[in-house]
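Right, one structure below, let's go through it.
Each chain gets a letter, A, B and so on, in the order its sequence line appears, and its residues count up from 1.
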Amino acid sequence: MNIPFPDLTPAMPEVIITAAAVLLLMLELLFKNKAVLALAGVITAGAVLYFLPASMGETFDGMFISDRYSLYFKLIFMVNLVLTILISIKYFQKQDEETGEHYSLLLFATAGMMIMASAKDLIVLYLGLELMALSTYVMAGIRRQNIKSNEAALKYFLLGAFSSALLLYGISLLYGMTTTTDIYAIAEHINEIGSTHAFTAALVLIISAFAFKIAAVPFHMWAPDVYEGAPSPVTAFMSVGPKAAGFAVLGRVLFVAFSEVQADWTAILIAISIATMAAGNILALVQTNIKRMLAYSSVAHAGYALIGIIAGTEQGLNAMMAYMMIYAFMNIGAFAIVILMDRGKDVSDYEGLSKERPVAALLMLIFMFSLTGIPPTAGFIGKFNIFLAAVEAGYTWLVVVAVIFSAMSAYYYLRIVRNMYMREARDRILITRSLTLDFALLITAVMTVLIGVLPSILVR
Amino acid sequence: MTPKIFFTYFAISMTFMSVMVITRRNPVHSVLWMIGLFFHIAAVYLFLNAEFLAAVQIILYAGAIMVLFLFVIMMLNLREEIVAPRFIGEWPIGVALGIAIITMIIHSVFTIQPGPAGEYTIETIQKMTHAKAIGSLLYTKYVFPFEIASLVLLVAVVGAIVLAKKR
Amino acid sequence: MLNYALIPLLPLLAFAVNILFRNVMGRRAHLVALPAVIGSFILSLSALADVQGGTIINQDLYSWIVSGSFRASVGFLIDQLTAVMLIVVTSISMLVHFYSVGYMHDDEGYARFFSYLSLFTFSMLMLVMSNNLLQLYFGWEAVGLCSYLLIGFWYEKKSAADAGKKAFIVNRFGDFGFALGILLIFVSLGTVHYADIFSGVGSLQGSAINIAGFNFDLITLIALLLFCGAVGKSAQMPLHVWLPDAMEGPTPVSALIHAATMVTAGVFMIARFNPVFTLSDTAMAVVAIVGASTSLFAATIALVQNDIKRIIAYSTVSQLGYMVLACGVGAFGAGIFHLFTHAYFKALLFLGAGSVMHAMAGNVDIQKMGGLKKYMPATYWTFLIASLSIAGVPGLAGFFSKDEILWLTYNSGALGKVLWASGTLVAALTAFYSFRIIFVAFHGEFRGTSEDEHHLHESPKVMTIPLILLAVGAVAAGWFGIPEAFGGSNLFARFLAPVVGHPEITGSHLEEMIVVALSIIAALCGIGLAYFFYVARPCVPVILAGLFRRAHSLLWNKYYIDEIYDAILIKPFKWIASYLLARVSDGKIIEGLVNGVPSLIRTFGDRLRNLQSGNLQHYAFGMVAGLFVILTVIFIAVSR
Amino acid sequence: MSYPLLSTLIFLPIFGAIALLMISRSNTALIKWTALLLSILIFGLSVPLFTDFDKTSGSMQFVEKHSWIPAWNINYTLGVDGISVLFVLLSTLLTILCVMVSWNSINDKVKEFYAAVLFTEGAMIGVFCSLDLFLFYIFWEAMLIPMFILIGVWGGPRRVYAAIKFFIYTLIGSLLMLVGIIVLYYNTDKSFDIITMMSANYPYGLQLLLFWAFFAAFAVKVPMFPVHTWLPDAHTEAPTAGSVILAGVLIKMGAYGFLRFSLPIFPEAAKAMSPAMMVLSVIAIIYGGIICLAQTDLKRLIAYSSVSHMGFVTLGIFALNTQGLQGGILQMINHGIVTGALFLCIGMIYDRTHSREIAHYGGAATAMPVYAGMFMIFTLASIGLPGTNGFVGEILILIGGFTVSKILGALAATGVIIGAAYMLWLYQRIFFESGKDFQSRFGAEVPDINTREIFTLVPLVLLVLWIGVYPSTFIDFMVPTVQKLLQRVNEAGMQPGVIQQITEVIK
Amino acid sequence: MVPLSWYICLSAVIFGIGVIGFLVRRNVLIMLMSVELMLNSVNISLIAFSHYLQDLKGQVLVFFVITVAAAEAAIGLAILVALVRNKSVLHTDEITEMKG
């Protein structure tokens, strides 16, 4: 029996990153200073970025596809990875816990996301998703001495397993109706089965599993608890990576496999999107813990990004991708500030920051306004892009709904700004700076403003 | 007729066992019911000409996973479990929701139109043997997911160590 | 052109110097202000001479506001009417300036006072010299401002500040109508320049305007709206309430602004717009009735007041009523004539009163005075002349102008007869209250404290000389208009006729004689009654007041007009402002919504938060329930 | 024009703001002087707009155009016409005064303060110069950030509430406009070019929808009744410079938006809606005026008076005739000058007394005669006394309004009475009555305004009189532009509808 | 021959029981087992489909599902162990440190 060796070029980034992940596991034993691992991670990401442009094409017998779509998401994952590594180092040093595995898990999770983005087959998709999910479960619970961390990991894990069971059930139904798991091949059968309830059920089950990953209502409820309990860098990582990966697969599956039944899933997604924006914003309004607030805000942002998919056009998809990229910068930036603060758990901890730490306050200000979507920040460009696509597709009313919630979101983002600038500090605000953290802040802030001023660098 | 009778038996007993699994007060009992269930499932697999998977089911599930469960249960030494309430306070809601979802799914599965038949007829598989048929697929077409599966397991190992090791 | 432009500009310059270099000028403020106003006076005389010579100037200085078809310029129209007004304004202003040098001598705001006076002179001159409505409006408002500033000159006194504000705001009510009138003229005629208006207004005759479904005669509406302005400025009913209060200002101000010049601007404006007014009989009738009733109404109030300045103020209102009445019956020339004579004798009365107050250390209650005659003879004699003049004693200025009005009123149809009767009655009342002051304040024994008595003195020369000059005016000003019935030539009326025309006389000279005789009798009765009441039988007024207590208190309280306004206008308005709008509409409704929606969302958020119980099974409930709902809905949708 | 004047005007302040942030915190003198000199320099640079502007042309001048975001067909297009040029000048002038008036009153976070002021200036100029709708929106929203900070950080006791209210209020309106902008984009062949839009023809139904979408943003900014309630809070709580910018320029943007977008881009809708707009304006005039009578807070009173005055502005604009439009534009300038000046004045006295309660005052005229005189001039201008700028604007607006509807014109004119009432009453309560009480209430010595403060106010006094006496200098700027605008609006057909019937009734 | 739908129904029922178990049991261990139950039900249907469609992809997927289930069990139990070490509870309604 002849086993052909597959062409690895298109999958080069994945290969590099898995190899690096495994290597990191070994390196961990050699080095006491875990920062080395971080450095290795960054180098890996650099290598991945180097190989990204060249890695176009299909391989693994139609299991894996590397196209512009997946490349863009991989770029987001790399940004996410690098930034997370940069903000991780100091955090874990401060926590005084051994965390060598953290970096290799980051790489594994990223590998999972990349596989998801590139999956051409539902089996690959499922495995990529599990790879990512399992890694993030562990990362969420990596501060095993910390009850909240345990709890976060447990909740994330149980609900995640539950949702992947739903996904699997959906896949199995789909398989039964099409005899295939190939995303592109499924599309060919839709015409025959598109109207059956069984097919609809499969569609709904699959969407709901992805909705869980992107934290869309009503599959979002894990998010606040997990975001709160997980270590801050992991939260930052989770709020961007798995969400982007979820969007990546959602986009591909819906646009490719289910393109024939667009009306069905559009209706579902509209409902989900509105509910997501509503619940995310309303609940963020009443939070006092900043990470919880950011969690709900992350939920709300999923709602906005969904509009890009709802638009159902290429432009909408592009807008959604650009949005995820922008979201990566501004959200990780905000988390970087949270990590920077020695005591930055509560919204009230930011009182008087502008007086004590003007630069940090200014940066946080930029991130908050960007998250609100006020020009000239990247957040505005992201939303604008989405709205542009949605209006073109005829969803003006949905855009109106979105802007109303967007205005509502100003309330809670502004609360942070208010605390920083308009309240006095109760006692001295201590921060722990480090080179890498500063660097991460620099990148995120510069990108947040730069994209806001010169969107051309992002908008194709 | 006979297969239907057999199926009916399996269906009833599997459903019963499943219910036992989720209703037992003592986790150990649950695990034991679960193992019983797994044996039945393996039997069903055999029914469906999937001998290799039936074997895997018993070895891996019944043999490994459930034993892992038992280990953990023993390790955690949960004595008070015997007296604690089994269900959450809002269990009727849960049951209602569960039944609702089953209804929806069963309602929908009746509309399934099976996809086009593939090339692996029972005869082909029997000729190749099941293990070989699956194995050749896994190492050719599905080598990529296979590799990912290895990563999943690796992560599981690493993760389990990271999380469960003592300080 | 320049010499005309200088007439208003000189005072403006004086104002600028005095206000900008207030600290430098200090007590020397009059050194700038006086020459300026004297210069204006001289230039005015030359303007009069020019007009007399037949040169009528109507020229624009520059375009002020130009917008599309709207064009308003700053320019001058110097005709007979303007010339008369120039003389009145500059001469009285000059005398008041002189007088103020003495009167205001010890005041801290000396420079400020003179700068305001200059500003006022400037504004008034701009008003009378204007050749278009907008500039007139400018002057109109600017004199109002000066009036506000000067009434409230002693701003540390609350009553003064209040009075100033009241004057300004009450005037604004009139100005509101006036402004609408201007707008309506522009909208109907497309211009605000006098010449174009007067030549175009004829074409509007008979045209109607529809407002909110009602048809109005256009010209009548325009005339009445313009008249609103006059009602405010010339203190006619029902907007007369500000003028008596305006007496809180320094007395020279009362003389200049609230007697001689500014308050007559309304009359001037009606006269100026005689081509418009005469086209509407309705408007004319309204003007006449308002004038006559104001005149009567104010005179009755003046009967019982004790504040010397207030009596004179009500007398002013009453006399202004006369002038308006004259305009209303088409006797514009007579109105202006009375304006002219009134300027002198009324300024004299005020300045005399000022002189008295100067001696009485600011006390204005005539009941506290008495026998002042012997302490301040110059004041007494000039005051007496003024009183005789206003009472209409033959030969003096007031006699000629008032009788001209009464005669022409009598002459103007059936309504005229009624108005004439009321006018004659007012003549009697005028004589009565004027001489009441003379008898109570100047005759008899001094009723104040001995300390006050000690303080009594005649005013300095700088004050008495203007009095004497004005007395000359109060006597002689009427001689310009001796009617033909008395063998005169009625110079004044003929001089003004090119501008304001002259009503047709239907009655004979005999009728005129009878009318005049009746008014002389009325005046003498008034004086005699005053003598009887306050010299011969001083107890009578007290008894009368006791007998007609209701009537007396009605008059004493000025018919409760202020109280009525307070109750029906000011109080409800304040209630609307502070309760209905501020508290309910803004506070409860709009803000309720603005703050309520977020707090509602917040409450909702708190409720929603409870769903996020922390129990992960509840989260799973959410997921399953969501799944179930989506499935149900979509199944129903698909099966349909 | 060889060098990019408008870009310089926009970005010099913004980069200046960034440069200010680099200066050492402790060196406040350097910060202040840098800010002052920068603002003067910017004003100096903006003077050519005044001198080199071609008053005979109604088209855009000083135009700059560069490709910016080709993917969305967005260009960086700047230019001014007769409507916007004056506002640029007003912005640059008021910024100097803001810097000057804050000289001693801002002692906390000095550099952030001046940076925020300068940043605001840049954004304001950007709003007035943008000829690309996207660019316009960027500036429009960007200016919220520094304003929010200005109000919230250096404001009064309830500053936080006011700042957030201001922000959210305007944000909601702006976002609805954003949707409108996007819809417009697709109906203009995917273009954000304002000039193109001004000559395009949109279906009436679309115009109507977009008109209301834009209205949401502009009406809040103006602010029109009933979305005005942010203004009293924001004005009241903002620091002096913030109030001046708010009153002087920021709320003009709403009315400017009507002129720049609502009228020329949606002419039919504007025409059809003009009665409704006029009614709202008149309500604002009267409502805002009457409510002033109930105010006990100095700044709040002036803030409500702004509502009333801006009612005049919108009335003039929606009268849709030459006098109304010119009056409206001029009145915007006037209001910027006068209300700006009044806020400056209030800031000055507040620095001395630290009280905004009107009831605490009385008798200030004795202690501060120069100040009282200046205040008087602005009060009179606010009342609209002839000879001041307020009169010119108001009379033109009233002519415009009266031409369209007698009743509305007459009702609007009542605003003049009410204006006199509340302003004079205010003046009386601050300045009149016993000067001794005033001194004793606020300590022995309350000094009159100093030279710096006099210099802050003098330019505005001069402008008040200049526009009052010879407004042609300013009106001439806008004549061709307004004519062009009117032509555009008048060419549009009249759409029948319910509004027409309302018009019949109120006419 | 047993119809395909019988298997699918059986699978659906067991899936549902798994869901119910997940929803109502307080004990985290049993919840984990319920998830395993659900996975197994999926496996049944996959193999049934595979059989009836004469295609092996479903069985391949089952293979992977079993692998993942093992990995999940390992991770899940590890998390549980970590949690119980810190705070000896394994009832969901006691693990509510974070909420709201």
Pair count under 4.5 Å, heavy atoms only, with chain E: among B:Val44, B:Val21, B:Val19, highest is B:Val19

Taking every heavy atom of B:Met14 against every heavy atom of E:Ile44, the minimum-distance pair comes out as CE-CD1, 3.4 Å

Which atoms of E:Ser41 are under 4.5 Å from chain B, going by heavy atoms: the side chain, the backbone, both sets, or neither?
neither

Using a distance-only test with no angle check, is there a side-chain donor-acceptor pair under 3.5 angstrom linking E:Glu36 and B:Tyr61?
yes

Between E:Ala69 and B:Ile65, the two heavy atoms sitting closest are C-CD1, 4.2 Å

Of all of B:Met17, B:Lys141, B:Arg24, B:Glu90, which one pairs up most often with chain E through heavy atoms under 4.5 Å apart?
B:Arg24

Dump the intermediate steps for side-chain contact (heavy atoms from CB on, under 4.5 Å) on B:Leu138 and E:Val60, then the final yes or no.
CA-CA 7 Å; B:Leu138 278 179; E:Val60 171; 3.7 Å; yes

Side chain, backbone, both or neither of E:Ile79 within contact of chain B (heavy atoms, under 4.5 Å):
both

Can you tell me which of B:Val95, B:Ile101, B:Thr103 forms the most heavy-atom pairs within a distance under 4.5 Å of chain E?
B:Val95

Heavy-atom closest contact (E:Ala70 atom, B:Leu60 atom, distance)
CB-CD2, 3.8 Å

So which part of E:Tyr7 gets closer than 4.5 Å to some heavy atom of chain B, the side chain, the backbone, both or neither?
both

Considering non-hydrogen atoms only, spot the tightest contact between E:Leu56 and B:Ala133 and give its length.
CD1-CB, 3.4 Å

Minimum heavy-atom separation for E:Ser34 to B:Ile22, with atom names?
OG-CG2, 3.7 Å

Going by side chain to side chain contact (heavy atoms under 4.5 Å, CB included), B:Val56 matches just one of E:Thr67, E:Val62, E:Ile66. Which one?
E:Ile66

Under 4.5 Å from a heavy atom of chain E, the part of B:Val162 involved
neither

What part of E:Leu4 gets closer than 4.5 Å to chain B, counting heavy atoms only: side chain, backbone, both or neither?
side chain

Is E:Phe63 in contact with chain B via its backbone, its side chain, both, or neither, using a 4.5 Å heavy-atom distance?
both

Shortest non-hydrogen pair, E:Leu23 vs B:Gly94, comes out as CD1-O, 3.5 Å

Measuring heavy-atom distances to chain E, does B:Leu163 have an atom under 4.5 Å in its side chain, in its backbone, in both, or in neither?
both

Determine whether a donor-acceptor pair (N or O, by modelled atom type, separation under 3.5 Å) exists between the side chain of B:Arg86 and the backbone of E:Arg26.
no

I need the B:Phe71 CZ to E:Leu77 CG distance, nearest 0.5 Å.
12.0 Å

Any idea which of B:Gly159, B:Gly118, B:Gly98 has the most non-hydrogen atom pairs under 4.5 angstrom with chain E?
B:Gly118

Between E:Asn40 and B:Gln57, do the side chains contain a donor N or O and an acceptor N or O under 3.5 Å apart?
yes

Closest-packed option against chain E by number of heavy-atom pairs under 4.5 Å, given B:Pro145, B:Ser150, B:Gly115:
B:Pro145

